[in-house]
Amino acid sequence: MESGLMEPTLYSVEAIAILDNDGNRILAKYYGKAFPTAKEQKAFEKNLYKKTHRANAEVIMLDGLTVVYRSNVDLFFYVMGSCHENELILGSVLNCLYDAVNQILRKNVEKRTLLENLDVILLAVDEICDGGVVLEADSTSVVQRVALRSDDIPLGEQTVAQVLQSAKEQLKWSLLKYTRMNNDLRVAVVCSSNQNRSMEAHAFLSKKGFKVRSFGSGNQVKLPGPAPDKPNNGLLHMLDRNRRIKSHPERFQSCYEIFDVIFTVEERVYDQVVEELASRSPRELSPVHIINIDVQDNHEEATIGAFLVCEMATMMAESEDLDNDIDELLQEFESKAQRPILHTVQFY
């Protein structure tokens, strides 16, 4: 009879996810081994959304997991555990997650606001759960830790704007500190048209103090959108951002500047950059790391992609010996980002 009992464990959570009202991932962290690859995770999330977006229940069993969830406006919040996990524990984690997001976003829990504050939300998720172990189930404590209290003002007397500003300032100085450790790091970001994804990352990296340039790899400039027959509501904002950064799009194949790292945002662009550098005769034998992170060409994904590129660049800037540390850094980043990474080295 004893053989049928499950041994107690601290690892209660298999995954936490936030999807939009089309089933696209906004944020996801997988702690267990149920879905080890990005492809399997994407398929699971698609099925999860299909099963829950019109359902009235708050808990379902799916692919051997117990899933608790709730929705608000255009967002779906999920917490998943094993089929043996207590639903009340998972429910407390879900409530903590939602309530913390609600406090951070000042009760404006919707997709656009969440994307604008994604860095703070990611910190909150890490405060709630680490490696599948539930660390905190009280939303006020989570927000308190994320806020990193500013000066001597008690958290209860701060506005939500002050809380967020404090967290962002702490992140900014932390990132700047890491950048100064390797302030000669030369960064390039390449997408297909140098209009959306590479420009958003350019803006992020520039604000963090990186030496950065952005490029396209294609022969023509194409504007992003959900589909050819659907309007692009963020076009004017995108063009206004771009003109503040530089006067015109640039093509990577026309640039002979030397970089330490080149980020690409889709595999086709990655192949074009690798092919271009391989076709050039090496002059200085200076190594350049080429890293691909797949990012869809729309405004929401561009923001997420820019955050991921900035995080990876910060990890590289922090390294005292990048060439020796790069494999370990990429493995760590791929695990955190839950996206497949391509990497190679070329020489100038």
Side-chain angles (χ1 to χ4, degrees), residues 11-19 24-42 44-45 77-80 93 97 100-101 104 114-115 117-136 142 145-146 148 167-168 170-172 174-175 177-179 181-182 185 187 189 197 200-201 204-205 208 210 261 263-265 270 289-296 300-319 322 325-343:
Y11 298 91
S12 301
V13 177
E14 291 284 330
I16 293 176
I18 302 176
L19 308 181
N24 298 316
R25 177 193 292 188
I26 301 295
L27 177 157
K29 285 183 174 286
Y30 287 81
Y31 307 107
K33 300 179 180 180
F35 305 100
T37 67
K39 183 177 180 180
E40 290 174 311
Q41 292 168 11
K42 187 174 182 180
F44 172 74
E45 289 164 15
F77 296 78
Y78 300 92
V79 174
M80 290 147 269
V93 176
L97 171 65
V101 171
I104 292 170
L114 190 145
L115 285 171
N117 297 274
L118 187 61
D119 49 354
V120 184
I121 302 302
L122 285 167
L123 286 176
V125 172
D126 288 340
E127 288 292 341
I128 295 169
C129 186
D130 181 23
V133 178
V134 179
L135 301 178
E136 184 59 70
V142 170
R145 291 173 184 171
V146 170
L148 302 172
K168 288 179 179 179
Q170 185 70 19
L171 279 171
K172 179 183 76 173
S174 177
L175 289 173
K177 179 187 73 174
Y178 293 154
T179 302
M181 294 179 182
N182 191 356
L185 192 70
V187 182
V189 188
R197 294 167 291 179
E200 183 77 352
F204 265 62
L205 290 164
K208 302 302 182 184
F210 285 94
V261 56
F263 290 100
T264 62
V265 292
Y270 173 84
H289 296 276
I290 307 171
I291 299 171
N292 183 74
I293 305 172
D294 282 330
V295 180
Q296 294 180 23
E300 291 82 4
E301 267 285 306
T303 300
I304 297 173
F307 178 82
L308 294 173
V309 167
C310 194
E311 184 175 1
M312 185 66 227
T314 300
M315 294 170 64
M316 298 175 73
E318 184 186 8
S319 171
L322 180 58
D325 295 344
I326 187 65
D327 289 338
E328 184 177 341
L329 292 176
L330 288 171
Q331 288 179 5
E332 178 184 349
F333 177 77
E334 189 171 26
S335 176
K336 289 172 61 178
Q338 298 293 327
R339 296 193 183 205
I341 305 297
L342 296 176
H343 171 251

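Computed from a prediction, not measured in an experiment: that's the story for all the values here.
The two residues Glu334 and Pro340 make their nearest non-hydrogen contact at OE2-CA, 3.2 Å. A pairwise comparison of heavy atoms in Ala28 and Gln338 identifies O-CG, 3.7 Å as the closest pair. When all heavy atoms are compared, the tightest approach of Ile293 to Phe263 is CD1-CD2, 4.5 Å. Between Ser319 and Leu329, the shortest heavy-atom contact is CB-CD1, 4.1 Å. For Leu185 against Ala313, the heavy-atom pair with the smallest separation is CD2-O, 4.0 Å. The shortest non-hydrogen separation linking Leu27 to Leu122 is CD1-CD2, 3.4 Å.
Every side-chain hydrogen bond (donor to acceptor under 3.5 Å, both in side chains) that Arg339 has, sequence neighbours left out, goes to Glu301. Every residue two or more places apart in sequence or in another chain that forms a ring-ring contact (aromatic ring centres under 6.0 Å, His included) with Phe77 is listed here: Tyr98. Listed by chain and residue number, Arg25, Tyr30 satisfy the side-chain hydrogen bond (donor to acceptor under 3.5 Å, both in side chains) test with Glu45 (two or more places apart in sequence, or in another chain). The salt bridge (charged side-chain N to carboxylate O under 4.0 Å, His left out) search around Glu300 returns none, not counting sequence neighbours. Judged as a ring-ring contact (aromatic ring centres under 6.0 Å, His included), and not counting sequence neighbours, the contacts of Phe44 are Phe35.
Between the CD atom of Glu311 and the CZ atom of Phe204 there is a distance of 11.5 Å, given to the nearest 0.5 Å. Atom OG1 of residue Thr303 and atom CG of residue Leu308 lie 11.0 Å apart, to the nearest 0.5 angstrom. Considering CD1 of Ile128 and CZ of Arg145, their distance stands at 10.5 Å, rounded to 0.5 Å. To the nearest 0.5 Å, the span separating CG on Asn24 from CD1 on Ile26 amounts to 7.0 Å.
Taking 4.5 Å as the limit, every side-chain heavy atom of Val295 sits out of range of all side-chain heavy atoms of Ile304. Two residues are said to be in side-chain contact when any heavy atoms from C-beta on lie closer than 4.5 Å; Leu205 and Val189 meet this criterion. Contact annotation: the side chain of Ile291 approaches that of Met316 to within less than 4.5 Å [non-hydrogen atoms, C-beta and beyond]. Annotation: side chain of Ile18 is not in contact with side chain of Val125 (no heavy-atom distance under 4.5 Å). The shortest distance between side-chain heavy atoms of Ile341 and Met312 does not fall below 4.5 Å.
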- Item | Residues Tyr31, Val133; criterion side chain to side chain contact (heavy atoms under 4.5 Å, CB included); working and verdict | CA-CA 9 Å; Tyr31 307 107; Val133 178; over 6 Å; no

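The stretch residues 29-40 participates, sequence neighbours left out, in these salt bridge (Lys or Arg N to Asp or Glu O under 4.0 Å) pairs: Lys29-Asp126.
Side chain of Glu136 to main chain of Val142: no donor-acceptor pair is present (N/O by atom type, distance under 3.5 Å, no hydrogens or angles). Without hydrogens or angle criteria, Thr314 side chain to Cys310 main chain gives a donor-acceptor distance under 3.5 Å.
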